[in-house]
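Reviewing the structure listed below.
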Amino acid sequence: MQSHDPVYGSPAPAARDPLDQDLPIASEARTAAAIRGGALPRMPKPARRRVMVVANQKGGVGKTTTTVNLAAALAMHGLKVLVIDLDPQGNASTALGVPHHSGVMSTYELLVDGAGIKECVQEVEGLPGLSCVPATIDLAGAEIELVSLVARESRLLKAIESYTEDLDYVLIDCPPSLGLLTINALVASREVLIPIQCEYYALEGLGQLLRNVDMVKAHLNPELNVSTILLTMYDSRTRLAQQVAEEVRSHFGDIVLRTAVPRSVRISEAPSYGQTVMTYDPGSAGALTYLEAAREIAAAGAI
Ligand code: ADP
Ligand code: MG
């Protein structure tokens, strides 16, 4: 029934389309529809190429998941992004659907043979603007082979610097260790992004990582800073996750993204289809939070 406004005497406004209302679910639905339709607004281009290393020597905290999904989200918004897979397990290459069997030009050739990124890079299918240098199992030997090579800590830096292609973001996915592969990534980057899993022991080992960052900063790369921390596998129903999040936020302050990535089955399913969750299920909570995290990172701009 059309009601009459008792104060002003005029008819109350007709109910609006639910998607026009400012409800979180409506804006999420709009975003999902936009992702599906490929009609996303552009994210701001950084003033200069941002090279970010995604590091945490703990395994299974969401480094690879974060690398590929942020990279996809940034590329979907019109930015040019390169993922460098620096983990011999090649999980980032798998998630991006990039061939990485033995014999494919990869980060091994880049680091050990001094090959250029141009010779190793592959376009990621279905995600224009996104490319990847894959990792093959050969990389497992690189940690040892690098020891006897000249400028062993700065070989990745050299490769990235001599790749003059127009790039907005370079995201480097690290192995779960602090060896020469991770050191190469720290030397090649200006920003460190640390994913922290909202679990017990989440902060254990973080001190060691931060000391390594400081050491590289002091001796090899004065421009290095921890710019971003992302809480992953956050389950808002558990007190533990909330406690970890609070502790991380009180310790690290502003560099912790407001967006925390929830635990999501869709996120963990995506790699088995050679996809990121951004393309596998763009409307899922996981995809929407990675999109939001990418937006925060892009908005923060280069530091
Ligand atoms: P890392 O690279 O640090 O070892 P991964 O990104 O490979 O960690 O994640 C470890 C495992 O957890 C993978 O099986 C991945 O699919 C899963 N995973 C990562 N993030 C989430 C999430 N938000 N929700 C559910 N599963 C996740
Ligand atoms: Mg990984």
Side-chain angles (χ1 to χ4, degrees), residues 52-73 83-98 100 106-107 132-137 139-140 142-143 171-179 181-182 184-186 192-206 208-209 212 228-238 240-242 244-245 248 256-294 296:
M52 305 179 85
V53 45
V54 182
N56 188 330
Q57 77 275 29
K58 272 187 183 224
V61 298
K63 289 183 291 296
T64 301
T65 307
T66 296
T67 305
V68 298
N69 287 300
L70 286 179
V83 167
I84 297 182
D85 191 348
L86 221 53
D87 185 344
Q89 295 187 63
N91 293 341
S93 314
T94 303
L96 295 174
V98 171
H100 60 107
S106 67
T107 37
C132 172
V133 178
T136 65
I137 193 64
L139 193 61
E143 197 90 59
L171 299 183
I172 308 169
D173 187 27
C174 284
S177 65
L178 293 170
L181 291 173
T182 299
N184 260 273
L186 292 171
V192 187
L193 188 166
I194 306 177
I196 295 182
Q197 188 183 0
C198 297
E199 291 289 349
Y200 199 53
Y201 294 136
L203 305 183
E204 205 181 60
L206 213 55
Q208 185 61 44
L209 173 60
N212 276 43
T228 314
I229 289 180
L230 177 62
L231 297 165
T232 64
M233 299 183 226
Y234 181 75
D235 185 345
S236 58
R237 293 166 304 178
T238 69
L240 178 63
Q242 289 171 20
V244 171
V248 171
V256 186
L257 297 185
R258 285 189 302 278
T259 315
V261 181
R263 224 173 236 295
S264 141
V265 174
R266 307 304 264 170
I267 288 180
S268 58
E269 281 173 355
S272 57
Y273 296 90
Q275 289 198 43
T276 66
V277 77
M278 306 307 302
T279 49
Y280 174 63
D281 190 353
S284 63
L288 293 169
T289 41
Y290 269 116
L291 194 66
E292 196 48 43
E296 279 192 59

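One is the number of the first residue; the rest follow in order along the sequence. Whatever order the structure lists them in is the order used to number ligands and atoms, beginning at 1.
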Nearest-neighbour protein heavy atom for [atom], which is reported as residue plus atom name and distance:
{"atom": "atom 8 (O) of ligand 1", "value": "Gly62 N, 3.0 Å"}
{"atom": "atom 16 (O) of ligand 1", "value": "Ser268 CA, 3.4 Å"}
{"atom": "atom 27 (C) of ligand 1", "value": "Ile267 CG2, 4.1 Å"}
{"atom": "atom 18 (N) of ligand 1", "value": "Met233 CE, 4.0 Å"}
{"atom": "atom 25 (C) of ligand 1", "value": "Ser264 O, 3.1 Å"}
{"atom": "atom 4 (O) of ligand 1", "value": "Gly60 N, 2.7 Å"}

Quick check: do [X] and [Y] have side-chain heavy atoms less than 4.5 Å from each other?
{"X": "Cys198", "Y": "Arg263", "answer": "no"}
{"X": "Pro195", "Y": "Val54", "answer": "yes"}
{"X": "Thr182", "Y": "Gln57", "answer": "no"}
{"X": "Glu199", "Y": "Val244", "answer": "no"}
{"X": "Cys174", "Y": "Val53", "answer": "yes"}
{"X": "Leu288", "Y": "Glu292", "answer": "no"}

Does Thr64 bring an N, O or S atom to within less than 2.8 Å of the Mg ion (ligand 2)?
yes
Quick one: does ligand 1 sit under 4.0 Å from the side chain of Pro195, the backbone, both or neither, non-hydrogen atoms only?
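Pro195 to ligand 1: no contact under 4.0 Å from either part.
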Just one of Thr65, Thr66, Thr276 clears the side chain to side chain donor-acceptor pair (under 3.5 Å) bar with Tyr290, so which one?
Thr66
Considering distance alone, does some N or O of [X] sit under 3.5 Å from an N or O of ligand 1?
{"X": "Lys63", "value": "yes"}
{"X": "Thr64", "value": "yes"}
{"X": "Thr65", "value": "yes"}

Apply side chain to side chain contact (heavy atoms under 4.5 Å, CB included) to the pair Leu231 and Val248, showing each step before the final yes or no.
CA-CA 9 Å; Leu231 297 165; Val248 171; 4.0 Å; yes
Between ligand 1 and Val261, can you find any atom pair, the residue atom being a heavy atom, that is separated by under 4.0 Å?
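Distance cut 4.0 Å: Val261 passes for ligand 1.
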Using non-hydrogen atoms of the residue, decide whether Gly286 is closer than 4.0 angstrom to ligand 1.
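Contact absent.
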Indicate yes or no for a side-chain donor-acceptor contact from Ser93 to the backbone of Ala135 under 3.5 Å, with no hydrogens or angles considered.
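Answer holds: yes.
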May I ask whether [atom] is less than 4.0 Å from at least one protein heavy atom?
{"atom": "atom 14 (O) of ligand 1", "value": "no"}
{"atom": "atom 22 (C) of ligand 1", "value": "yes"}
{"atom": "atom 11 (C) of ligand 1", "value": "no"}

Please list, in number order, the atoms of ligand 1 under 4.0 Å from a heavy atom of Pro262.
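Answer, ordered by atom number: 22 (C), 23 (N), 24 (N).
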Quick one: which ligand 1 atoms are inside 4.0 Å of a heavy atom on Val61?
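Answer, ordered by atom number: 1 (P), 3 (O), 8 (O).
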Return yes if a side-chain donor-acceptor contact under 3.5 Å exists between Thr259 and Glu296, otherwise no.
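Yes, side-chain donor-acceptor contact under 3.5 Å.
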For a side chain to side chain contact (heavy atoms under 4.5 Å, CB included) check, start with the C-alpha distance between Gln275 and Glu269, then their side-chain angles and the critical distance, and finish with the verdict.
CA-CA 9 Å; Gln275 289 198 43; Glu269 281 173 355; over 6 Å; no
